[in-house]
Asks: 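Structure below; questions to follow.
Because the structure is a prediction, the values reported are computed rather than measured. Naming: A, B, ... by sequence-line order, numbering from 1 per chain.
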2 protein chains.
Amino acid sequence: MTAPLQTDPQRVGEVLYLALRDRILSGELKPGAKLSVPALAEEFGVSRSPVRDAVIRLVQEDLVTETMNRGAEVARITREELVSLYEAREVLEGAVARLATEKYQASLRRTLLALLTEHREVAAQQDFGRHIELDAAFHRAIRQAAQSPVLARMLDGVQGRVLVAMRSTSLTGGMVQAVHEHQAIFEAIGSGDADAAEEAARAHIRRLKELLRAAD
Amino acid sequence: MTAPLQTDPQRVGEVLYLALRDRILSGELKPGAKLSVPALAEEFGVSRSPVRDAVIRLVQEDLVTETMNRGAEVARITREELVSLYEAREVLEGAVARLATEKYQASLRRTLLALLTEHREVAAQQDFGRHIELDAAFHRAIRQAAQSPVLARMLDGVQGRVLVAMRSTSLTGGMVQAVHEHQAIFEAIGSGDADAAEEAARAHIRRLKELLRAAD
DNA sequence: TCGTTCCGATCTGCATGCAGTGTTGAACGC
DNA sequence: GCGTTCAACACTGCATGCAGATCGGAACGA
């Protein structure tokens, strides 16, 4: 779902980490699902050690929660925490939009333009699954252009947990409006106005946050 | 150094994680120092398993870096990455200042006032060590008042890595000016103006970031 | 029917075994 | 003296052993 970002996984533990992470983000493992280390070890045909390593990493990432002597399960993210995640996402997306504006290159313009064009059609056709993908791709393109590994990693983490939370709390934020807001972000970045780009990105996330707040 | 934030550590692996993290943040383990799992296991009188667990968690936190078949060492944080950390810190401190303003309570006012009073004296006496502590305490008080576990955890992570980076790159940002900027943040929060509080906090971190950029 | 008790299966968390790999430093040739 | 070779050592990464804890469910009694 999200980019690997890790070094090539020659370690079994790393492969398992990526595999389990993907299962969680894709919804194959839903919030509350138990992660049995022996069962996973047998399924993947490895010993318990690398499985344990992978689980620890997921716990440290807050995608999985652990209780003493009671094993691990996919994190159950509350509505309250989801809002808190969006508070973080608002400022982080604002920051990468600013940086992308300052480091603006023509390739970013082409990428965003292509995404927007397709997104407009998809929104008109009410293709929700493709909308999710294009929305993620749009934001990913901007945070890659920002060239800030620190911010990119944080946003990856936030995005992952948001995806998990959305498994419990489905919420459609209005595809057409999302496209309009993306258009505004695109124009602000293209105009070179970093302040405007930051504010446009923040406003976009802020609206989604308020939607979450309202839907209780 | 920073608050535990974890559940009570009844697991050996958790104790080791906290112990190693403290050694890194306190500077006892400097950037580039090797973390030998067998050696640490013997030192703490435990087996290699919980040590391995602790190291994995530190790697996932980017406090430690690992190379295939070559062990782990305390992360060497580059100047470039330090600037990137401050880019993140700028917007995150802004966000918690805003939230602290919106959730403002009298206890926060008392806490910040006490810290500022002592900080003024300490700055006048050029007590650098105490300055560092008071600076951290000031920001910690605000982020606790913001009541956002997500933002607090991110800032903890950023702060930890900044501390590690500072072991290589000592940089005094001007104690008296820091106190002045803290005063401005305090007043903005007290006035209930969330916009002003966010901007004051951002300006404070932004100045430190520019200092880092300049010192190359 | 419903609640309690107890036992077995299963899992967690730590300890340990082991093959493959990287490192180091001494012996050697030039 | 200086670079090369190679062998012993040390460590990583995965596999496995094991004690204690937890969970589930059958047997039992009210």
Asks: Return the 5'-most residue of the pair R48(B), K34(B) with respect to DNA chain C, ranking by each residue's nearest nucleotide.
Replies: R48(B)
Asks: Using a cut-off of 4.0 Å on non-hydrogen atoms, how would the nucleic acid contact of L40(A) be classed: base, sugar-phosphate, or nothing?
Replies: nothing
Asks: Using heavy atoms to find the nearest nucleotide of DNA chain D for M68(A) and S49(B) separately, return the residue whose nucleotide is more 5′.
Replies: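 The residue closer to the strand's 5' end, by nearest nucleotide, is S49(B).
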Asks: Can you tell me how far P of dC14(D) sits from CD1 of I56(A), to the nearest Å?
Replies: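 Result: 13 Å.
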Asks: For the pair R23(A) and E43(A), find out whether any cationic side-chain nitrogen is under 4.0 Å from an anionic carboxylate oxygen.
Replies: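 Salt bridge present between R23(A) and E43(A).
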Asks: Using the rule given for side chain to side chain contact (heavy atoms under 4.5 Å, CB included), can you reason through E87(A) versus L99(B), listing the C-alpha separation, both sets of side-chain angles and the distance that settles it, and then say yes or no?
Replies: CA-CA 9 Å; E87(A) 282 167 352; L99(B) 289 174; 3.4 Å; yes
Asks: Between E210(B) and R207(B), does at least one N-O distance fall below 4.0 Å, as a salt bridge requires?
Replies: no
Asks: Rounded to the Å, how far apart are E43(A) CD and dC11(C) C1'?
Replies: 17 Å
Asks: Nearest-Å distance, CD (E66(B)) to C1' (dC11(D))?
Replies: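 Interatomic distance, CD of E66(B) to C1' of dC11(D): 12 Å.
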Asks: Would you tell me if any nitrogen or oxygen in the side chain of S36(A) comes within less than 4.0 Å of OP1 or OP2 on dC11(C)?
Replies: yes
Asks: Given dT12(C), dC14(C), dC14(D), which nucleotide is nearest the side-chain atoms of D53(B)?
Replies: dC14(C)
Asks: Are R11(A) and D53(A) close enough for a salt bridge, meaning some N to O gap below 4.0 Å?
Replies: no
Asks: Over how many whole Å does the gap from R52(B) atom CZ to dG13(D) atom C1' extend?
Replies: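 Atom CZ in R52(B) sits about 7 Å away from atom C1' in dG13(D).
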Asks: Parallel, tilted or perpendicular: which describes the rings of H204(B) and H139(B), with under 30° parallel and over 60° perpendicular?
Replies: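 Judged by the thresholds at 30° and 60°, the geometry between H204(B) and H139(B) is parallel.
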Asks: Quick one: which of dC14(D), dC14(C), dT12(D) gets closest to the side chain of R11(B)?
Replies: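 In terms of side-chain proximity for R11(B), the closest of dC14(D), dC14(C), dT12(D) is dC14(C).
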Asks: Roughly, in whole Å, what's the span from CZ in F44(A) to P in dC14(D)?
Replies: 14 Å
Asks: Starting from P on dC11(D), measure out to CD on E73(B) and report it in whole angstrom.
Replies: 15 Å
Asks: When you match G71(A) and N69(B) each to their closest nucleotide on DNA chain C, which lands nearer the 5' end?
Replies: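 Of the two residues, G71(A) wins.
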Asks: Rounded to the nearest angstrom, tell me the gap between atom CD in E42(B) and atom P in dA10(D).
Replies: 12 Å
Asks: Whether R70(A) contacts dT12(C) is assessed here as follows: a side-chain N or O lying under 4.0 Å from the phosphate OP1 or OP2. Is that the case?
Replies: no
Asks: Report the distance from atom CD of Q10(B) to atom C1' of dG20(D), rounded to the nearest whole Å.
Replies: 14 Å
